[in-house]
Amino acid sequence: MHDPVQYCLHAESATNLSTHLIGLVNEKSRYFIVAHGFVDRIGILDWSVFGEGEESIQSMAETVLSMARSLVGSAISKATSAAAHEASLLLGVQKDIWYIKDELKTMQAFLRAAEVMKKKDELLKVWAEQIRDLSYDIEDCLDEFKVHIESQNLFYQMVKLRKRHLIATQIRNLKSRVEEVSSRNSRYNLVKPISSSNEDDMDCYAEDIRNQSTSNVDETELVGFSDSKIRIELLKDMIRQFLGSNSLDQVLQELQGKMVVQIPHLSDYLRKKLKEKRYFVVLDDLWSLDAWNWINDIAFPKNNNKGSRIVVTTRDVGLAEKCTTTSLVYHLEHLQMNDAITLLLRKTNRTHEDMGTNKNMQKIVEQIVNKCGRLPLAILTIGAVLATKQVLEWEKFYKQLPSELESNPSLQALRRMVTLGYNHLPSHLKSCFLYLSIFPEDFEIKRSRLVDRWIAEGFVRAKVGMTTKDVGDSYFNELINRSMIQRSRVGIEGKIKSCRVHDIMRDITVSISREENFVFLPVHDGSNLAQENTRHIALHGSMSCKTGLDWSIIRSLAIFGDRPNNLAHTICSNKFRMLRVLDLEDVKFLITQKDFNNIALLRHLKYLSFGRIFSSCIYTLPRSIGKLHGLQTLNMSSTYIATLPTEISKLQCLRTLRCTRVSNNNNFSINHPVKCLTNTMCLPNIHTFS
């Protein structure tokens with residue numbers, strides 16, 4: 001006797017695999033008939049419409065909950081460190097910091113409870129947003145406190161009365177805000193603590209498996225767990241597909257006349273009927289190992305020598321390898337360019353002849369297909385919309401696709417399938433993934449650059465036996481395995497060096513970031529009003545936000561392309577005093593020595609990177625660099641820096657230093673005398689002593 005053979009299909013794109021499977025089963029079903037003979041029953045279950053899909057599509061309230069809980073954890077860590085410092089006692093704020101820390105831990109527990117219960121309402125979303133913003137402000141205040149106590153000895157800390165008073169006042173104000181935000185939960189009865197019954201229900205899969213061997217109704221009854229209804233429904237759908245609607249009606253009628261219908265009753269009935277049949281089952285878009293273990297253990301017979309087959313599709317390569325042996329995992333590839341174009345033309349009722357006589361049509365078709373990443377579902381969904389438009393309108397639609405994905409009802413299915421991947425991410429990966437919206441479209445993102453930035457932002461923390469770098473690399477690999485990002489360049493040793501984000505995935509990620517007030521990206525349509533408390537900003541080209549942005553609270557600034565209009569003077573200014581990450585690696589304007597000399601004003605800086613081409617006017621690293629005690633990454637490419645100041649030894653947190661000298665001598669060529677003289681005068685003075 002043999003168990004049914006289990007195959008697994010994995011796609012690297014975050015799109016529903018049912019498009020591939022429909023073709024596999026409907027158009028190529030003879031393959032299974034030839035290979036395995038007559039199949040008694042075929043069932044295709046789209047897992048995304050059951051408990052692993054519809055119920056897990058998080059509302060914006062749930063997304064805010066996850067982000068807020070992650071930020072609260074970081075604020076708790078900083079509060080613990082600050083409260084333990086001697087200066088907090090001398091400043092008279094130690095008790096206030098301890099109070100803030102304790103209240104934050106309570107809030108964190110309530111946020112976790114809300115996530116478990118999947119509670120969704122507008123009040124809860126607003127409360128979570130308040131916690132998120134409060135956590136930001138607490139971190140900023142405690143970072144300022146840390147800089148204050150590290151910048152001077154204890155005597156000077158105490159005599160700086162104005163600074164002491166300001167910090168103490170900020171901490172006490174934060175304490176009052178914490179009290180108010182905390183009281184709102186009880187005042188509006190937003191979240192209740194998790195009861196023991198809720199905790200028991202969380203292990204629902206194991207409970208169902210244990211119950212399948214008993215017929216005691218009292219012991220098998222599930223109370224208070226909403227997902228159990230969805231699992232009833234799943235088993236009913238399987239019975240309906242395998243055995244017909246009449247069989248389902250019959251078994252329900254028999255059971256309801258004797259007892260309350262429970263999951264074990266339906267699973268027992270299904271397994272008995274399938275035991276002597278040859279069946280082919282497709283579980284489409286599976287998301288978790290627990291879900292696979294549950295359906296595999298409870299729905300399918302263990303002994304079946306009829307040559308039955310089970311196909312699981314998933315976007316998670318790790319999950320695919322756990323569902324079956326590696327040799328039975330098939331990685332679905334994207335369509336070839338010609339096939340993708342043919343699919344789009346067929347969906348839009350156009351032909352290759354139409355495209356051959358219209359060069360503009362050929363260009364826009366290729367752009368749309370590339371935008372879709374040559375993924376069937378994306379091509380079919382967007383093609384259905386294009387079919388209702390004239391070819392002359394396609395280019396306009398292509399340019400407006402990001403906003404169309406937000407508002408066009410015809411594209412909601414595509415948006416839903418993309419956001420499913422995001423919604424299933426654990427909370428610690430959501431911030432890391434949304435952070436990718438900083439980079440431009442179709443941008444190759446270096447692994448080291450991304451991981452170093454995550455660490456500087458505080459998204460990554462060390463674990464037992466793992467450094468922050470190790471943990472950051474594991475986060476990167478997990479996003480690759482979950483098909484949220486695509487590998488771009490692989491080193492000779494097999495390690496992924498860089499990645500890209502699928503264009504449509506990026507458009508939706510930018511949309512989520514904007515809704516979450518996580519990253520601000522000025523756009524060409526003029527709607528550049530920044531939201532309150534925006535902490536991360538990326539400027540592409542010369543675009544700049546027109547109003548509403550408080551530069552003093554910005555944590556990360558990345559510039560791609562030309563100098564932004566509203567940063568015409570200097571990028572190293574005290575108006576960026578809370579900046580942690582300054583990424584100028586891809587700028588297309590000169591960074592001057594004057595810019596660089598002001599770097600010490602950015603006392604909270606942890607990541608600093610200059611580009612390879614436009615940093616060639618930097619000749620020396622200022623001694624004030626030693627004041628950046630928290631600096632972790634310093635990347636200076638193509639500068640004229642020949643030596644490092646001794647103050648760099650004060651950077652105890654520095655773990656990455658990349659420094660390359662300019663090899664181009666054209667700046668000192670006699671063929672360009674003015675340029676040569678100017679650059680020579682800018683060289684550092686060289687003193688010799690006898």
Side-chain angles (χ1 to χ4, degrees), residues 9 11-31 330-418 440-444 483 485-489 499-511 523-525 540-541:
L9 285 81
E12 292 189 356
S13 56
T15 180
N16 196 332
L17 294 165
S18 57
T19 305
H20 296 281
L21 289 168
I22 290 172
L24 185 68
V25 176
N26 293 344
E27 297 179 10
K28 299 182 180 180
S29 57
R30 290 191 180 184
Y31 168 80
Y330 176 72
H331 298 270
L332 292 174
E333 301 294 338
H334 300 168
L335 294 176
Q336 296 297 317
M337 190 64 175
N338 289 338
D339 294 333
I341 290 175
T342 299
L343 183 61
L344 180 64
L345 293 175
R346 184 189 304 170
K347 189 65 179 179
T348 56
N349 299 315
R350 266 73 175 186
T351 64
H352 282 276
E353 288 74 18
D354 296 332
M355 193 172 66
T357 58
N358 188 336
K359 295 300 182 183
N360 289 334
M361 178 182 175
Q362 181 177 351
K363 179 181 178 182
I364 192 62
V365 165
E366 291 176 352
Q367 288 177 328
I368 292 171
V369 166
N370 284 325
K371 182 79 171 179
C372 294
R374 291 176 285 146
L375 303 175
L377 178 65
I379 293 172
L380 292 173
T381 305
I382 291 177
V385 178
L386 293 177
T388 65
K389 301 178 180 294
Q390 298 296 322
V391 174
L392 292 175
E393 300 177 273
W394 287 9
E395 185 173 3
K396 180 180 179 181
F397 175 83
Y398 170 78
K399 292 179 179 179
Q400 296 176 344
L401 188 55
S403 60
E404 292 284 344
L405 285 167
E406 292 186 36
S407 58
N408 193 326
S410 299
L411 298 178
Q412 286 306 302
L414 180 58
R415 178 181 173 92
R416 174 179 178 270
M417 298 316 302
V418 172
E441 183 176 305
D442 200 33
F443 189 85
E444 184 174 356
S483 302
I485 56 179
Q486 301 170 318
R487 66 190 71 199
S488 177
R489 185 166 53 90
C499 70
R500 296 182 189 272
V501 182
H502 185 281
D503 286 352
I504 291 179
M505 172 72 83
R506 181 188 176 272
D507 289 340
I508 294 176
T509 302
V510 169
S511 173
V523 292
H524 289 288
D525 62 7
H540 299 171

Calculate, to the nearest 0.5 Å, the distance between atoms [atom1] and [atom2] belonging to [X] and [Y] respectively.
X	Y	atom1	atom2	answer
R500	M505	CZ	CE	16.0 Å
L377	I382	CG	CD1	9.5 Å
D339	H334	CG	NE2	13.5 Å
L344	I364	CG	CD1	10.0 Å
Q362	T357	CD	OG1	10.0 Å
K399	E404	NZ	CD	14.5 Å

State, to 0.1 Å, how close [X] and [Y] come at their nearest heavy-atom pair, and which atoms those are.
X	Y	answer
I341	M355	CG2-CE, 3.7 Å
T348	G383	CG2-O, 3.3 Å
R415	S511	NH1-OG, 3.4 Å
I504	K371	CG1-O, 3.5 Å
M361	L345	CE-CD2, 3.8 Å
Q486	V501	OE1-C, 4.5 Å

Compare all side-chain heavy atoms of [X] with those of [Y] and state whether any distance is below 4.5 angstrom.
X	Y	answer
E441	D507	yes
V418	H502	no
I368	F397	no
E366	M337	yes

Any donor-acceptor pair under 3.5 Å linking the side chain of T381 with the backbone of A378?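 Flag not set: sc T381 to bb A378 has no pair under 3.5 Å.
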
Within the side chain of W394, is there an N or O that forms a donor-acceptor pair under 3.5 Å with the backbone of L386?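 Judged by distance alone, yes, a pair lies under 3.5 Å.
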
So I379 and K347, side chain to side chain contact (heavy atoms under 4.5 Å, CB included) or not? Walk me through it. CA-CA 8 Å; I379 293 172; K347 189 65 179 179; 5.9 Å; no

Are a donor atom and an acceptor atom from the side chains of T351 and D354 found within less than 3.5 Å of each other?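 Yes - a donor-acceptor pair under 3.5 Å links their side chains.
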
Decide side chain to side chain contact (heavy atoms under 4.5 Å, CB included) for N370 and D442; before the verdict, give the C-alpha distance in whole Å, the side-chain angles of both, and the deciding distance to 0.1 Å. CA-CA 10 Å; N370 284 325; D442 200 33; over 6 Å; no

Side chain to side chain contact (heavy atoms under 4.5 Å, CB included), that's the test. Do L401 and L411 meet it? Break it down for me. CA-CA 10 Å; L401 188 55; L411 298 178; 4.0 Å; yes

